[in-house]
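What follows is one structure encoded as structure tokens, with my remarks underneath.
A note on names: the letters A, B, ... follow the listed sequences, proteins ahead of strands, and every chain is numbered from 1. Hydrogens, waters and symmetry mates are skipped; everything else that's a heavy atom, side chains included, is used.
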There are 2 protein chains.
Amino acid sequence: MKVTKAQAQANRTRIVETAAQLFRERGYDGVGVAELMAAAGLTHGGFYKHFGSKADLMAEAAASGISQNSAVSSGMNLADFIAHYLSREHRDSLGTGCTIAALSGDAARKPEEVKAKFAVGIENSLAAFHHGESCGKRDRRAEREMMIATFANAVGALVLSRACPDDSPLADEILEVCRKRLLASSPDNAKQEQ
Amino acid sequence: MKVTKAQAQANRTRIVETAAQLFRERGYDGVGVAELMAAAGLTHGGFYKHFGSKADLMAEAAASGISQNSAVSSGMNLADFIAHYLSREHRDSLGTGCTIAALSGDAARKPEEVKAKFAVGIENSLAAFHHGESCGKRDRRAEREMMIATFANAVGALVLSRACPDDSPLADEILEVCRKRLLASSPDNAKQEQ
DNA sequence: ATTATCTATAGATCTATAGATAATGC
DNA sequence: ATTATCTATAGATCTATAGATAATGC
């Protein structure tokens with residue numbers, strides 16, 4: 001029943017990545033350890049050789065999900081990012097979409113160790129668009145404020161759109177209005193108005 | 001053990017209002033029926049004479065919380081609303097604060113009947129600031145888009161701020177940056193810059 | 001010898017229901 | 001007679017632990 005060290009490490013990674021998806025889809029309290037382990041192809045007793053508690057896994061899964069999101073969006077410019085972030089496709093892909101948008105509400109009620117991962121994730125999201133090819137101190141400050149406002153607006157729009165009933169006109173309107181406005185005020189607004 | 005019709009109605013209302021607070025504080029899955037009924041001063045078996053299921057209560061509690069929020073903010077102008085909404089006090093009062101910000105993430109994974117209450121609540125929030133003392137069709141459209149973007153930005157800022165660890169500088173920065181920018185672009189920006 | 005995984009289970013908790021009780025409302 | 005509430009419980013599920021197993025890693 002034992003397994004090679006590399007295999008055990010791979011199993012651990014698979015647990016974290018499975019959790020990162022299931023938690024986004026159903027919330028931290030919506031997925032049990034047994035179901036999660038079964039989804040990863042293991043039995044649930046083995047869980048506690050990998051993690052001290054479910055809360056420990058929440059923190060790791062948050063970091064994993066955020067890092068997966070960053071890998072996907074890295075290399076995009078701000079306009080491309082906004083167009084994707086505020087698309088219906090992204091709204092309707094809870095399990096693979098933005099971890100911060102999917103789980104910030106849950107994270108607010110979880111231990112500090114979980115929230116710490118979200119704070120790092122938010123900082124990374126802001127830094128990902130550090131356009132500034134060397135601008136002055138004032139510009140850096142202004143750009144950071146712009147990124148904070150833009151990200152908050154995008155997260156809020158996604159969260160609100162998802163809280164509406166399926167096929168609700170309001171759900172689409174929120175996405176479309178915010179996408180249009182954020183693209184219009186984005187520094188590299190040239191293409192994709194859709 | 002029976003109780004007057006008026007008393008039963010009062011008990012029912014108390015259950016809903018207690019739920020509206022507890023759900024905001026701990027999430028829909030973080031509060032059990034037994035604990036909720038105890039908090040309302042009743043035993044949990046009685047719950048099902050008032051509600052068909054916990055999901056039914058979620059929908060009622062959402063409507064109740066949203067309506068309580070509206071009652072508090074009605075009569076405020078947009079600038080006052082923003083200053084309050086993006087204050088540390090509001091961020092730190094989960095149980096009595098904005099229902100939409102506290103529970104939209106949870107609502108996205110709940111039945112359509114719950115999400116329908118959120119859609120109505122979002123529409124009400126937008127309508128609450130219908131400044132327009134009779135403006136043209138174009139202006140009404142532009143104003144609605146402005147309100148959608150403003151509300152999404154405010155909700156996003158609150159949700160992100162709450163996902164950060166307590167006393168995190170980032171948590172305060174997000175609130176302050178968004179408050180400053182939304183107040184600057186608000187139609188009635190004259191006073192309170194803080 | 002160590003340890004990753006499995007089976008089995010302890011002990012809590014959760015939603016929901018059944019049946020008794022006792023006061024209201026007709 | 002109706003019904004709001006209570007006590008008690010069924011049946012599921014949840015987190016976590018204990019002990020057995022068997023293959024790795026020294």
| Checking side-chain hydrogen bond (donor to acceptor under 3.5 Å, both in side chains) for the pair A:Gln21/A:Glu17: CA distance, chi angles, key distance, verdict? | CA-CA 6 Å; A:Gln21 168 154 359; A:Glu17 288 174 356; over 6 Å; no
| field | Verdict with reasoning, A:Asp106 to A:Lys115, per salt bridge (charged side-chain N to carboxylate O under 4.0 Å, His left out) | value | CA-CA 10 Å; A:Asp106 283 41; A:Lys115 298 164 103 176; over 6 Å; no
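Under the Watson-Crick or G-U wobble criterion, with both distances below 3.5 Å, C:dA8 is paired with D:dT17. The partner of C:dA22, taking Watson-Crick or G-U wobble pairs whose two distances both stay under 3.5 Å, is D:dT3.
The separation between A:His50 atom NE2 and C:dC6 atom C1' is 12 Å, rounded to whole Å. Spacing between atom NZ of A:Lys5 and atom P of D:dA23 amounts to 19 Å, rounded to whole angstrom units. B:Phe47 has its CZ atom 13 Å from the P atom of C:dC14, to the nearest Å. The nearest whole Å value for the distance from the CD1 atom in A:Ile15 to the C1' atom in C:dA4 is 10 Å. With rounding to whole Å, A:Gln9 atom CD is found 15 Å from C:dT3 atom P. For the pair A:Tyr48 OH and C:dA4 P, the interatomic distance rounds to 17 Å; values are reported in whole Å. Rounded to whole angstrom, the span from the CZ atom of B:Phe51 across to the P atom of C:dT17 amounts to 15 Å.
Using a 4.0 Å heavy-atom distance criterion, A:Thr43 is classed as a base contact. Among the heavy atoms of the strands lying under 4.0 Å from A:His44 is at least one base atom, whether or not backbone atoms are also near.
Using modelled atom types and a 3.5 Å distance limit, the side chains of A:Thr99 and A:Asn69 yield a donor-acceptor pair.
Across the interface with DNA chain C, nearest-nucleotide mapping of B:Lys54 and A:Met37 shows A:Met37 to be the residue nearer the 5′ end.
Considering only side-chain atoms of B:Lys2, the nucleotide from D:dA4, D:dG25, C:dC6 that sits closest is D:dA4. Closest to the B:Thr4 side chain, of the nucleotides D:dA4, C:dG25, D:dT15, is C:dG25.
If you take CD on B:Glu173 and CG on B:Leu175, they are separated by 10.5 Å, rounding to the nearest 0.5 Å. Atoms CG and CG, from B:Leu182 and B:Leu86 in turn, are 6.5 Å apart once rounded to the nearest 0.5 Å. From A:Glu143, atom CD reaches atom CG of A:Leu126 across 10.5 Å, with rounding to the nearest 0.5 Å.
By the neighbour-count criterion of 12 heavy atoms within 6.0 Å, atom CG of A:Asp166 is densely surrounded, having more than that number from other residues, nucleotides or ligands.
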Name the pairs: protein N/O against N/O of nucleotides 18-20 of chain C, kept only if under 3.5 Å.
none

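Proximity of residues 17-30 of chain A to DNA chain C (heavy atom under 4.0 angstrom from any strand atom) is not detected for any residue.
At distances below 3.5 Å, at least one donor-acceptor pair connects side-chain atoms of A:His90 with backbone N or O atoms of A:Cys98.
Ring-plane geometry between A:Tyr28 and A:Phe23 is classed as perpendicular, the angle between the planes exceeding 60 degrees on a 0 to 90 degree scale with a lower cut at 30.
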